Each structure stands twice: as C-alpha cells, then as structure tokens.
Amino acid sequence: MRITLLSLLALSFISFQPACGDDGGDTNSGTESDGDGDSNGGGGEGCDKTITECPLADLSEEQQVTYCETLAAAIDDEPGTQYTCEADGTFLTVNTTDACIANEVSADCPITVGELIDCYKAAKMDACAAFAEDGVCGPIFSQSASCV
C-alpha cells in the first residue's frame, strides 16, 4: 500500500486514501512569514500562531515556504528517499521543497505543520510504528480525506 504525504520539502503524502497533500498547501495568499502573522487563519492572511501550531489550510504563501523549508531541514534526507514499513508495504516519500510549496490543501484541513513534521521524523526512525493507527502518523492519515 502506498501512502503519499505531499509535504513541504521533498515529501509525498502516503496515499492511504486520497492523501491530504499534507504538505500544507494552502489556497490562500498572504504575507506572513514565520507563523507569527497578524491575521487569523483561513482568510488568506496566514496563521497568527507559531508555524508548528498552524493548520496547513491557514498558511499564507510565505508561511507555506517557511513550513516546507522547516520540514526539509527537520527531515534532512534527499528528495526521493522513502520511509517504508516492510510489513505492509506502506511508505512515505520525501519530495522536493518546490513540490511542497506548490501543494494545496482544502480549507477544511485540520492537520498542523507540527503534526506533519513529527510524522516524517517518526517515519524516518520507524515507519511501521509511525504509520500504525495509534502511531504518530495515524491521526494524520485518518484526517487526510478532509485535506483534498
């Protein structure tokens, strides 16, 4: 089973179901830079929380770039790298930062930047444990349908 988590940096969202393009794409445009924006989320102005607390749907264009660069730095693996659970064949692929930046999610996507970063870091350490229903990525996968 393939999971493609499109996440900033060079990541792909695990396509468990129609993946949430978890890469915090947003259909908004704004000028916030590091999660400390002065607007509320969802309005195209960005998120006024720290970047890791921001839902992907609330990111401004600048915050989307920050998110993708932060994810890339946190993962520190080349695009194309796969974190695979050999037991069931599920995997998460690292995409490019540009692919992450270009990714868009629906306005209903509740997944936060921090949750995605934590998922990738956990998958890098132990993909099977991370991808389990009660693993770090489990809640992300269960919410992914609302992100497409």
Side-chain angles (χ1 to χ4, degrees), residues 1-28 30 32 34-35 37 40-42 44 46-148:
M1 175 183 292
R2 175 185 163 159
I3 304 178
T4 315
L5 270 165
L6 276 167
S7 242
L8 75 128
L9 196 279
L11 314 173
S12 287
F13 194 7
I14 303 175
S15 73
F16 210 50
Q17 307 168 1
C20 169
D22 266 303
D23 331 334
D26 95 90
T27 57
N28 305 328
E32 310 303 316
D34 60 306
N40 51 26
C47 176
D48 62 358
K49 302 175 186 173
T50 62
I51 194 75
T52 55
E53 296 173 340
C54 292
L56 299 175
D58 292 352
L59 299 176
S60 69
E61 287 180 9
E62 268 189 61
Q63 288 172 324
Q64 177 76 13
V65 171
T66 298
Y67 149 66
C68 291
E69 290 173 347
T70 302
L71 179 59
I75 294 166
D76 194 30
D77 274 329
E78 293 297 317
T81 300
Q82 291 186 345
Y83 307 131
T84 304
C85 175
E86 298 299 332
D88 63 8
T90 56
F91 62 92
L92 185 62
T93 302
V94 175
N95 289 322
T96 65
T97 301
D98 288 343
C100 174
I101 292 168
N103 189 52
E104 294 185 10
V105 298
S106 73
D108 302 2
C109 187
I111 297 169
T112 67
V113 168
E115 289 171 327
L116 262 184
I117 290 172
D118 290 347
C119 174
Y120 273 96
K121 290 167 89 175
K124 182 175 182 174
M125 299 285 288
D126 183 347
C128 292
F131 299 163
E133 192 173 320
D134 62 347
V136 174
C137 299
I140 293 172
F141 300 153
S142 67
Q143 298 174 68
S144 66
S146 65
C147 295
V148 291

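One is the number of the first residue; the rest follow in order along the sequence. Everything quoted here is computed from the prediction, not taken from an experiment.
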Least distance between heavy atoms, Ile51 atom then Val113 atom: O-CB, 3.2 Å
What distance do Asp118 atom CG and Ile140 atom CD1 have between them, rounded to the nearest 0.5 Å? 7.5 Å
Hey, is the main chain of Ser146 close enough, under 3.5 Å, to the side chain of Ser106 for a donor-acceptor pair? yes
Got a sec, which residues hit side-chain hydrogen bond (donor to acceptor under 3.5 Å, both in side chains) with Thr112, two or more places apart in sequence or on another chain? Glu115
So, for Ile111 and Cys147, which heavy atoms are closest and what is the spacing to 0.1 Å? CD1-SG, 3.6 Å
Distance col, row Asp108:CG vs Gln143:CD, nearest 0.5 angstrom, shows 11.5 Å
Straight-line distance of Asp58 CG to Glu53 CD, nearest 0.5 Å: 12.0 Å
Quick check for you: to the nearest 0.5 Å, what is the distance between Leu59 atom CG and Ile101 atom CD1? 11.5 Å
Identify the heavy atoms of Cys47 and Pro55 that sit nearest to each other, and give their distance. SG-CD, 4.4 Å
Minimal non-hydrogen separation, Glu86 against Cys128, with atom names: N-SG, 4.0 Å
Nearest non-hydrogen partners of Phe131 and Phe91, listed with the distance: CE1-CA, 3.8 Å
What closest approach, in Å, do Ala57 and Ala107 show between heavy atoms, and which atom pair accounts for it? CB-O, 3.6 Å
If you look only at pairs with a residue in residues 119-139, which of them pass as a salt bridge (charged side-chain N to carboxylate O under 4.0 Å, His left out), with sequence neighbours excluded? Asp77-Lys124
Report yes if some heavy atom in the side chain of Thr90 is under 4.5 Å from a heavy atom in the side chain of Phe141; otherwise report no. no
